Participant: 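I'd like to ask you about the structure that follows.
Note that the structure is predicted; figures quoted are calculated from it, not measured. Along the sequence shown, residues are numbered consecutively beginning with 1.
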Amino acid sequence: MASVNQTGASSIDQRGLAAAQSRTLLWFTLGAAASLLAVDARWDVPLAAWFAPVLLLRFSRTSEWPIAIGGIVIASTLQIAAYIFEMGAPFSTTGITLCLILGALFAVPYVIDRLFAQRLGDIERLFLLPVAAVLIEFLAASLLPVGASIGTRAITQSGNLELMQITSLVGPYSIGFLIALAATVANHIWESPTQKSWLAYGGSFAAVLLVVLAFGQVRLAFASNAAAGDTVKIAGIVPRQALHDPAWAVSVTKYPPTEQTREDLTTPQMKALYADLQDELLADSRAAATSGAKIILWSETAAPVLEADKSVLLQKVSELTKNKGVYVNAAIGVHYARNETFLFGPDGEQNWHYRKNHPVPGMEPVEPFRNDVPLVTTPYGRLTNIICYDADFPALARVRADIMLLPGMDDPNMAYVHTMRMARLRSIENGYSLVRIDYNGVSAAFDPYGRVLAMLDTTPGRAYTMLVDVPIKGVPTLYSRIGDLFAWICIFATLGLCLISFVRPTRRAMRLD
């Protein structure tokens, strides 16, 4: 009889283990699937960004650590692959390598939780994943060439303006913190589904989230709507693709350049094409000034020019601004050498010369350049300027200005996301109006709270002029003053919690149901 009982007990144990393993696999499958709808790209579903971490954390905490770490790395790598697919980039050797590196990097918060959480108390366990998530988001945005364009959870929530107002206090990484905190709270309740857990932990998180949303609603409710006299009319100029694409086709398709390539860029036919494109930009700028625009900006590298001929073009821009009494931010490109802007004022004088700090890795054939973000005081507020991909780096875009002028150029697959979800965040964080004029993408203007003032699809390829009235005064934000203090606090908190785990015995085993 004892033998039969042991066999029966063993059979029951095996069935229980199989059921637990099946549930764990289910959490992984559902979590990984949901995470593919929260990759900072065009098919994102905002709720999926909150749902996926709950299930992936459940999978991680209820699996043996080799399986947990391997599974989380796989799910994270699939997220990066989905981003590259939605961006329309080919899966080259570089792309696959990027998937593997970034997949491993963004899996780190879950790995930290899996390795150290069992040695922490309940409150400490709640905060380990959130602070680790901020650590990785911040380090990726600060140190990697991809900036905050991949893996920053704030992008997935940027349409929720009430929620996003918290970034004006502590920056964009606060959204990733809240999402990860929701996952740890849900898992704590899942592991200990008592009334106390629901009230103490679930209720506390609900209260925090309500305070964040209430702050956003109050901030938006009391946001000033600029009167006509408190705005300036800004015009964004986008050239025709029929002129612009041929002018840049050689340098985009033939990199690195050969001597023959460089000679091809200086033929009489190419010079005539550059001249036609420049003349059209100048004519459209004059027309915009006639329509009442006081500030005019061109899309990224709107005007191709040879280095030897650049001074002639700049002199024409100077004469235009002086004759029309306007500011023009001329976006100029020198093949293989420069991606830059020049701001000229109503007196014809040059106010700034800015070169792009962050060319898109592997896609933009110019070298990175380190220069300060310009800031000029005008009758229309303090103007500043960065170029396209520069805005994917929150620290670089952190300028105490009133209006950010942002020339851009995009692949149509990512144009909407880049303008309406990514660049938009910078206006809320820093309290300035932002005007992004995008070639082959989506142009838009936002007020200091991230509200849309104007939007224009430029992918059909015609010449475009977007006119918009923009507030001339920004709104002070705490984030623009304290910078990434919140992120640094999370970094030290992560290190502290990991250190605490070393001096404590292993905690009770995780619940498997």
Participant: Indicate the atoms forming the closest heavy-atom contact of S480 with N430, along with that distance.
Facilitator: CB-OD1, 4.2 Å
Participant: Nearest heavy-atom pair of S433 and P471: which atoms, and what distance?
Facilitator: OG-CD, 3.5 Å
Participant: So does R125 pair up with E191, basic N to acidic O under 4.0 Å?
Facilitator: yes
Participant: If every non-hydrogen atom of L406 is compared with every non-hydrogen atom of A423, which pair is closest and at what distance?
Facilitator: CD2-CB, 3.9 Å
Participant: Evaluate the side-chain proximity of I234 to L467: yes if any heavy-atom separation is below 4.5 Å, no if none is.
Facilitator: no
Participant: Between N440 and H244, is there a side-chain donor-acceptor contact under 3.5 Å, judged purely by atom types and distance?
Facilitator: no
Participant: Indicate yes or no for a side-chain donor-acceptor contact from D484 to the backbone of A487 under 3.5 Å, with no hydrogens or angles considered.
Facilitator: no
Participant: Would R424 count as a cation-pi partner of F446, with NZ or CZ less than 6.0 Å from the six-membered ring centre and within 45° of the ring normal?
Facilitator: no
Participant: Does a salt bridge link D40 with R153, judged by any charged N lying under 4.0 Å from a carboxylate O?
Facilitator: yes
Participant: Where do Q157 and P46 come nearest, in terms of heavy atoms and distance?
Facilitator: NE2-O, 2.9 Å
Participant: Go through it in stages, so that I can follow the logic: the residues are D113 and R61, the test is salt bridge (Lys or Arg N to Asp or Glu O under 4.0 Å), and I'd like the CA-CA distance, side-chain angles, deciding distance and then a yes or no.
Facilitator: CA-CA 8 Å; D113 179 273; R61 287 185 174 184; 2.9 Å; yes
Participant: Can we call the ring centroids of F393 and Y389 under 6.0 Å apart?
Facilitator: yes
Participant: Of all heavy-atom pairs between I179 and P53, which one has the smallest distance, and what is that distance?
Facilitator: CG2-CG, 3.9 Å
Participant: Under the criterion salt bridge (Lys or Arg N to Asp or Glu O under 4.0 Å), I'd like the reasoning laid out for R436 against E300: C-alpha separation, chi angles, the key distance, then a yes or no.
Facilitator: CA-CA 10 Å; R436 187 171 196 263; E300 183 180 11; over 6 Å; no
Participant: Is there a donor in the side chain of N339 and an acceptor in the side chain of Y354, or the other way round, less than 3.5 Å apart?
Facilitator: no
Participant: One pair to check against side-chain hydrogen bond (donor to acceptor under 3.5 Å, both in side chains): D411 and H418. What are the steps and the verdict?
Facilitator: CA-CA 10 Å; D411 182 293; H418 209 182; over 6 Å; no
Participant: Is it true that N385 and T341 share a donor-acceptor pair across their side chains at a distance under 3.5 Å?
Facilitator: yes
Participant: Tell me if the centroids of the rings in Y439 and W298 come within less than 6.0 Å of each other.
Facilitator: no
Participant: Could you check whether F177 and F486 have their ring centres less than 6.0 Å apart?
Facilitator: yes
Participant: With a 4.0 Å cut-off on N to O distance, would you call E162 and R219 a salt bridge?
Facilitator: no
Participant: How about Y110 and F59: are their ring centres within less than 6.0 Å of each other?
Facilitator: no
Participant: Regarding K356 and D390, does a basic nitrogen lie under 4.0 Å from an acidic carboxylate oxygen?
Facilitator: no
Participant: Classify the ring geometry between H188 and Y201 as parallel (under 30°), tilted (30 to 60°) or perpendicular (over 60°).
Facilitator: tilted
Participant: Between R119 and E124, does at least one N-O distance fall below 4.0 Å, as a salt bridge requires?
Facilitator: no
Participant: Charged N to carboxylate O under 4.0 angstrom, D402 versus R382?
Facilitator: yes
Participant: What closest approach, in Å, do T184 and L126 show between heavy atoms, and which atom pair accounts for it?
Facilitator: OG1-O, 2.8 Å
Participant: State whether Y479 and R398 meet the cation-pi test: NZ (Lys) or CZ (Arg) under 6.0 Å from the six-membered ring centroid, and within 45° of the perpendicular axis.
Facilitator: yes
